[in-house]
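Here's the structure we're looking at; comments come further down.
All heavy atoms count here, side chains included; hydrogens, waters and symmetry mates do not. Position 1 is the first residue of the sequence, and the numbers go up from there.
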Amino acid sequence: MKKIDKNNKIFQSKEYQKDKNKFYIVNLNLTYDTVLLYSDEENYIICRGAANLPTWIWTKDNFPIEKLRELEQAMNIYLTDNEKDKFTCKKELYDLLVKYNYEKLNDDYFEMGTLTCKETKKPKECDGNIYVPNKNDYPKLAEYSYNYYKETPEVTPINMTQAKDLTQELINSQNFYIWKNNSGKIVCMTYYIVTDNLAKISHVYTPVEERGKGYAANLIYNVTNNLLKDGLIPLLYTDYNYIASNKAYINVGYKSTGILINFSCSKEKRKNKRK
């Protein structure tokens, strides 16, 4: 195990390239000057973009058990004085951490689906159309941003001031899109960020009273078509067990590439170890 830089040979390995799309956040973190990377240059990469962000762990398939304790020691480097620090990894690794009783592990567990799209399928039509939001849309979108963070289990809730600041950033990015119905109401929103040739779609939100009407599917369909036309690979992360949400993406051409596990660890040893 050693500290590495973003140009390390492991990022070009056949094993990592196979998983590159699924581990989009690692690729995004490599663009940060504050990125912290550790690896044995063959079996695993531990990556965090900044101290306030989750740590991502990539491991090659059939991860060698004899490397587990070494990897755990590397994980300890990423633990802070926060009550909990968030991590993401393959289920294979998470199961090993549980089986061999990694003492820093908490009981948090979230299955995150990974999906990508090579060709779209036209969803059932709905009323309305896609738009780029403007300043008049800002108040409602700030409200939606607040609700998105409140309702999404894998993200940390934010306050309204933070939601307003974030919404302004999204509008300024020019990668923020909304769907308005025929009455002019904003009924869905989404945003994407591009790293290399990958475009991660996120911030997908439909207010409760407008769900089940096809707005999200039509918005994602249009945004995805634009990304494909630009030669980009669209991908997204979902709540793997939220069937309705996943169905909306699958209906427009996205295909599952498996799951990753979101979990947390704490610097202080747990009093009651996971069995």
- Might you work through the side-chain hydrogen bond (donor to acceptor under 3.5 Å, both in side chains) test for N76 and E72, ending with a clear yes or no? CA-CA 6 Å; N76 291 342; E72 291 177 348; over 6 Å; no

- For N27 and T195, what are the C-alpha separation, side-chain angles and deciding distance, and is it a side-chain hydrogen bond (donor to acceptor under 3.5 Å, both in side chains)? CA-CA 7 Å; N27 305 310; T195 303; over 6 Å; no

- Task: Applying salt bridge (charged side-chain N to carboxylate O under 4.0 Å, His left out), run through D137 and K180 and close with a yes or a no.
- Result: CA-CA 10 Å; D137 301 316; K180 289 185 179 181; 3.2 Å; yes

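A salt bridge links K140 with E143; the closest basic N to acidic carboxylate O contact falls under 4.0 Å. Comment: D61 engages K90 in a salt bridge, judged by a side-chain N to carboxylate O separation of less than 4.0 angstrom. For the pair K91 and D95, the salt-bridge criterion is met [side-chain N within less than 4.0 Å of a carboxylate O]. Remark: K185 engages E210 in a salt bridge, criterion side-chain N to carboxylate O under 4.0 Å. Using a cutoff of 4.0 Å between basic side-chain nitrogens and carboxylate oxygens, K2 and E41 are scored as salt-bridged. Ion pairing of E151 with R211 is present here, as a side-chain N (NZ or NE/NH1/NH2) and a carboxylate O approach within less than 4.0 Å. Ionic pairing of D85 and K267 is not present here: no N-O contact between side-chain nitrogen and carboxylate oxygen is shorter than 4.0 angstrom.
Within the 4.5 Å cutoff, no side-chain heavy atoms of R48 are placed close to those of F87.
In plain terms, the two heavy atoms of Y237 and K22 that are nearest each other are OH-O, 2.7 Å. Listed here is the closest heavy atom pair of Y254 and I220: CE1-CG2, 3.8 Å. Considering every non-hydrogen atom in both T167 and A142, the closest pair reads OG1-CA, 3.3 Å. Across all non-hydrogen atoms, the minimal contact from W56 to L260 is CZ3-CD1, 3.6 Å.
For E119, the CD atom is loosely surrounded, since the number of other residues' heavy atoms within 6.0 Å does not exceed 12. Around the NZ atom of K9, the shell of radius 6.0 Å holds no more than 12 heavy atoms that belong to other residues, nucleotides or ligands. Counting heavy-atom neighbours within 6.0 Å of K18 NZ, excluding the residue itself, gives a total above 12. More than 12 heavy atoms of other residues, nucleotides or ligands shown are found within 6.0 angstrom of CG on N159. Residue-environment remark: OH (Y16) exceeds the threshold of 12 foreign heavy atoms within 6.0 Å. Within 6.0 Å of CD in E209 there are more than 12 heavy atoms belonging to other residues, nucleotides or ligands. K164 NZ: 12 or fewer foreign heavy atoms inside a 6.0 Å radius. Summarising the local packing, CD of E83 is surrounded by 12 or fewer heavy atoms from other residues, nucleotides or ligands at distances under 6.0 Å.
Within the model, atoms CD of Q174 and OH of Y191 stand 11.5 Å from one another, a figure rounded to the nearest 0.5 Å. Separating the OH atom in Y24 from the CD1 atom in I193 is a distance of 4.5 Å, to the nearest 0.5 Å. Atom CG of D108 is separated from atom CD1 of I261 by 12.5 Å, given to the nearest 0.5 angstrom.
At a threshold of 4.5 Å between side-chain heavy atoms, the hydrophobic network of Ile, Leu, Val, Met, Phe, Trp and Tyr places L141 and I201 in two separate groups.
In summary, the aromatic rings of W179 and Y131 are positioned with their centroids too far apart to meet the 6.0 Å limit. Ring centroids of Y192 and F176 are separated by 6.0 Å or more, keeping the two rings apart.
Taking the six-membered ring for Trp and thresholds of 30 and 60 degrees, Y94 and Y109 have ring planes inclined between 30 and 60 degrees apart. Ring geometry for Y148 versus Y205: interplanar angle over 60°, hence perpendicular rather than tilted (30 to 60°).
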